[in-house]
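Please read the structure below before turning to the comments.
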Protein chains: 2
Amino acid sequence: MKDLSRRQQSILHFIEHFLDANDYPPTIRDIQTELGISSTSVVDYNLKGLEARGLIRRNSKISRGIELASRGSSRRNMVTIPVIGQIAAGQPIPVPGDLEGSDVTETVELGSDLMSNSGQGLFALRVKGHSMVDALINDGDVVVLRQQETCENGETVAVWLKEQRETTLKRFYLEGDHVRLQPANVTMDPIYTPAENVEIQGRLVGVVRSID
Amino acid sequence: MKDLSRRQQSILHFIEHFLDANDYPPTIRDIQTELGISSTSVVDYNLKGLEARGLIRRNSKISRGIELASRGSSRRNMVTIPVIGQIAAGQPIPVPGDLEGSDVTETVELGSDLMSNSGQGLFALRVKGHSMVDALINDGDVVVLRQQETCENGETVAVWLKEQRETTLKRFYLEGDHVRLQPANVTMDPIYTPAENVEIQGRLVGVVRSID
DNA sequence: TGTTGACACGAACATGTGTTCTCTCATATG
DNA sequence: CATATGAGAGAACACATGTTCGTGTCAACA
């Protein structure tokens, strides 16, 4: 397949810039005037070429019906995760069900390349206090969790220790009728506790720390 | 200010859904037929209401010139940061200048609410090894840095210790002609070293940990 | 009862915008 | 040389789409 002509390249560039600036695609005439092309038909002609090699998609008859193949996907690839509360050592974890109509003011947005799935069932909590340094999590960090009540061995989960009335974030290993909770920090020792004592609140899928 | 009418709410919802599905905004008539509204002027009327309270932006005369305030910003507000290499204890830090034409295959995308500025001058490195657990950073984490050769006291910076031939990530305090490098982990002790021995590579602005 | 204002209708109207048709013009290609 | 082909110009056409205007409904209110 032949290379793109200079004109096709500049058209492609212009579309990208336009989309960055405007949130809606350009018209053929936008492209025409910006690039100093004499006729709309020329734009149409080159657009067809770009479409033929899959760089753009066009919805005929529809105004501004140009979609960038590269962009159309990458845009949607951002997941917005609500920060529904705090997580602290001596405090039960808020669960997503609680946020009935509560206005979640804060959200965290991540490219979906960081989150394995579409962001369904994910929620986030802001860490309060230094109780989770053993999981390499600092005061002020945001932890992203997937809501679930069970987990596989080796997964890091947020658990509520009933007896201690305490929340913690550790690797989970079921060993007989006891659970071993292993800190992420390799220099620290695990906790052993009866299985009935732990209540899994969610699985840790991410940590975001923003400084300043 | 009054609440949104049911019609305005449904219009807003429809615009959101349309944008999710299509990558270009809907026309007034798209909204009209989808919601079974009798006239375009009714849509226009309600759109004006939505615009008045800042929920959308409209570019008059321009077809499909509707932009969602919530969306329009959040889309652009994503910064894409290139992951240009690794950072490890015994290894100098790659600097952005090195990436001449090198194909950066990996990027990290964050909502700009996490990054104070536009993402200019930011780059990211994947952490190799456990040498930075004292900064609460784990093997495999991605650290986001701003390129700079100087810093204020108290900022966390990536420094190259010439004598030790070692990279580390610590809070920086200039004290006379010596530098105190303070681990983020409050339980650990600082390092003191002559000022000439430290070479600031960048300031830490974020950490992202993605688990599976 | 009359007035007012929010909301809605329907029908033009005026542009915006994609599409298409006919011509050039240069460059191969035989 | 004759012909094909790729790239572009210019204009017209047809439909897509934003805008506006006159009117109607209905509840709230003095």
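Residue numbers begin at 1 in each chain, while the letters A, B, ... track the order of the sequences. The figures here come from the full heavy-atom set of this structure, side chains too, leaving out hydrogens, waters and symmetry mates.
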Can you check salt bridge (Lys or Arg N to Asp or Glu O under 4.0 Å) on B/R57 and A/D23, steps first, answer last? CA-CA 11 Å; B/R57 225 166 325 125; A/D23 250 9; 5.4 Å; no

With a cut-off of less than 4.0 Å, is there a side-chain N or O of B/S63 near OP1 or OP2 of C/dG16? no

Looking at D/dG8, does its base get a donor-acceptor pair with the side chain of A/R7 below 3.5 Å? no

Quick check on DNA chain D: between B/R64 and B/K48, whose nearest nucleotide comes earlier from the 5' end? B/R64

Minimum heavy-atom separation for A/V179 to A/A195, with atom names? CG2-CA, 3.8 Å

Answer with yes or no whether the side chains of B/E67 and A/N22 bring together a donor and an acceptor at under 3.5 Å. no

Separation of D/dA14 P from A/I28 CD1 (nearest whole Å): 18 Å

Separation of B/Q32 atom CD from C/dA11 atom P, in whole Å? 11 Å

Heavy-atom check, side chain of A/W160 versus side chain of A/R165, under 4.5 Å: yes

Rounded to the nearest Å, what distance is computed from the CZ atom of residue B/R58 to the C1' atom of nucleotide D/dT20? 13 Å

Between D/dC21 atom P and B/D44 atom CG, what is the distance in whole Å? 12 Å

Specify the separation, in whole Å, of atom OH of B/Y45 and atom C1' of D/dG22. 16 Å

Residues in residues 35-42 of chain B with a heavy atom under 4.0 Å of DNA chain D, by number, are B/T40, B/S41

Under 3.5 Å, is there a donor-acceptor pair linking the side chains of A/R29 and A/T40? no

OP1 or OP2 of C/dA6 sitting under 4.0 Å from any side-chain N/O of B/R6? no

Could you check whether the side chain of B/R29 and the base of D/dG18 have a donor-acceptor pair of N or O atoms closer than 3.5 Å, going by distance alone? yes

For A/R203, the option from A/E149, A/E155, A/E152 that meets salt bridge (charged side-chain N to carboxylate O under 4.0 Å, His left out): A/E155

Write down the protein N/O and nucleotide N/O pairs, taken from nucleotides 24-26 of chain D, whose separation is under 3.5 Å; answer none if there are no such pairs.
none

